[in-house]
Amino acid sequence: MVKNTQELLDILKGVAQPEDYIEKEEDNLVKMKLHEYINNYLEDKGISKGQLIKNSGLDRTYTYQILLGDKKPSRDKVLAMCFALKLSFEEVQNLLKATGYPILYARINRDSIIIFALQHNITLTDTNELLFSMECDIIQ
């Protein structure tokens, strides 16, 4: 049975050792690394690595290092790849959560603009223009 975060937190409070929790709740823990998620999305969405590079605006060599798991990109670089992969808002939130980055939060001005862009299928370029026009840092 898949447990929600609150249920897992409650269980974690009651264990004597973290190892007990990890062993017992193994099926509820995230197992994939960022590069594995990105590579899975590339395959699932039928997007080539070249398209990912072009649409994300990231450096070619750096992107390949991310895809191999050799580099851990910043949250913004992950967001750029999410736009290039045309991920839904829910997919972006799950990816951020699973890879240890803060999820997009609607109470934060910049994040709310990014959420709007994702929900309206706006491209990364147009999202950056929107962010810039609203005096927020662009996704780099």
Side-chain angles (χ1 to χ4, degrees):
M1 175 175 98
V2 176
K3 296 177 181 150
N4 68 35
T5 302
Q6 189 57 53
E7 290 172 313
L8 293 173
L9 287 171
D10 291 342
I11 293 168
L12 189 54
K13 276 190 230 175
V15 297
Q17 296 294 321
E19 297 87 6
D20 299 337
Y21 167 79
I22 291 170
E23 184 179 313
K24 181 179 176 196
E25 299 303 329
E26 183 178 358
D27 291 341
N28 287 296
L29 301 178
V30 175
K31 295 180 178 84
M32 273 201 278
K33 296 180 180 177
L34 174 66
H35 73 279
E36 293 171 323
Y37 270 101
I38 298 296
N39 282 305
N40 283 346
Y41 278 126
L42 283 171
E43 187 175 325
D44 290 347
K45 305 250 181 205
I47 296 174
S48 71
K49 292 175 183 176
Q51 288 173 300
L52 174 68
I53 293 164
K54 180 183 176 195
N55 295 338
S56 68
L58 299 176
D59 176 75
R60 180 179 210 65
T61 302
Y62 184 69
T63 303
Y64 276 105
Q65 291 171 332
I66 293 168
L67 294 173
L68 292 171
D70 295 337
K71 294 279 184 186
K72 183 175 182 190
S74 67
R75 181 177 183 248
D76 264 13
K77 298 221 183 315
V78 171
L79 288 171
M81 292 192 305
C82 288
F83 274 94
L85 290 164
K86 299 178 180 167
L87 299 185
S88 69
F89 170 66
E90 291 77 19
E91 288 171 325
V92 172
Q93 294 292 71
N94 289 334
L95 176 65
L96 290 171
K97 198 182 314 179
T99 56
Y101 286 107
I103 61 171
L104 294 167
Y105 189 51
R107 292 185 184 267
I108 297 173
N109 189 37
R110 180 176 186 258
D111 281 3
S112 66
I113 296 165
I114 295 169
I115 292 168
F116 175 87
L118 288 165
Q119 291 176 332
H120 290 86
N121 299 314
I122 298 174
T123 66
L124 177 59
T125 301
D126 290 341
T127 300
N128 276 335
E129 287 178 14
L130 185 58
L131 286 165
F132 183 78
S133 73
M134 298 191 72
E135 299 180 1
C136 294
D137 293 336
I138 63 169
I139 298 170
Q140 297 184 26

*Nearest non-hydrogen partners of Ser74 and Tyr62, listed with the distance*: N-OH, 4.3 Å

*Thr99 versus Lys72, closest heavy-atom pair with distance*: O-NZ, 4.1 Å

*asked:* Donor-acceptor pair, distance only, cut-off 3.5 Å: does the side chain of Gln93 make one with the backbone of Leu104?
replied: yes

*Beyond-backbone contact of Leu34 with Pro73, side-chain heavy atoms, under 4.5 angstrom*: yes

_Pairwise distance NE2(His120) to CG(Asp126) - rounded to 0.5 angstrom_ = 13.5 Å

*Inter-residue atom distance Leu85.CG - Tyr41.OH, 0.5 Å rounding*: 9.0 Å

*Where the side chain of Glu7 meets the backbone of Asn4, is there a donor-acceptor pair that is under 3.5 Å apart?*
yes

*asked:* For residues Met134 and Phe83: do they belong to one hydrophobic cluster (side chain heavy atoms under 4.5 Å, members Ile, Leu, Val, Met, Phe, Trp, Tyr)?
replied: yes

*So which of Ile122, Ile138, Leu79 actually passes side chain to side chain contact (heavy atoms under 4.5 Å, CB included) with Thr127?*
Ile122

_Rounded to the nearest 0.5 Å, what separates atom NZ in Lys45 from atom NZ in Lys86?_
10.0 Å

*asked:* Count I, L, V, M, F, W, Y as connected when their side-chain heavy atoms are under 4.5 Å apart, and connections chain through other members. Are Ile114 and Phe116 then in the same cluster?
replied: yes

*Distance from Leu58 atom CG to Leu124 atom CG, nearest 0.5 Å?*
8.5 Å

_Closest non-hydrogen atom pair, His35 against Ile66_ = CB-O, 2.9 Å

_Least distance between heavy atoms, Ala84 atom then Ser56 atom_ = CB-N, 3.6 Å

_Let's go through Tyr64 and Ile53 carefully: what are the C-alpha distance in whole Å and the side-chain angles of both, what is the deciding distance for side chain to side chain contact (heavy atoms under 4.5 Å, CB included) to 0.1 Å, and is it a yes or a no?_
CA-CA 9 Å; Tyr64 276 105; Ile53 293 164; 3.6 Å; yes

*Applying the 4.5 Å side-chain criterion to the ILVMFWY set and letting contacts propagate, would Leu131 and Tyr105 be lumped into a single cluster?*
no

*asked:* Within the structure provided, determine whether Lys97 and Asn94 are in side-chain contact (heavy-atom separation under 4.5 Å).
replied: yes

*Is there a donor-acceptor pair under 3.5 Å between the side chain of Asn39 and the backbone N or O of Leu67?*
yes

*Separation of Leu42 CG from Met81 CE (nearest 0.5 Å)*: 9.0 Å

*Do you know which two heavy atoms are closest between Gln51 and Gly46, and how far apart they sit?*
OE1-O, 4.0 Å

*Strictly by modelled atom types, are Asp10 and Gln6 linked by a side-chain donor-acceptor pair under 3.5 Å?*
yes

*Can you tell me if NZ on Lys33 sees more than 12 non-hydrogen neighbours from other groups inside 6.0 Å?*
no

*Please assess Val92 against Ile115 for the test side chain to side chain contact (heavy atoms under 4.5 Å, CB included), listing each intermediate value before the final yes or no.*
CA-CA 9 Å; Val92 172; Ile115 292 168; over 6 Å; no

*asked:* As an exercise, state the distance from CD1 of Ile11 to CG of Asp20, rounded to the nearest 0.5 Å.
replied: 12.5 Å

_Has Arg75 got a side-chain atom pairing as donor or acceptor with Pro102's backbone, closer than 3.5 angstrom?_
yes

*Is there a side chain to side chain contact (heavy atoms under 4.5 Å, CB included) between Ile38 and Lys49 once you walk through the steps?*
CA-CA 10 Å; Ile38 298 296; Lys49 292 175 183 176; over 6 Å; no

*Is it true that atom CZ of Phe132 has more than 12 heavy atoms of other residues, nucleotides or ligands lying nearer than 6.0 Å?*
no

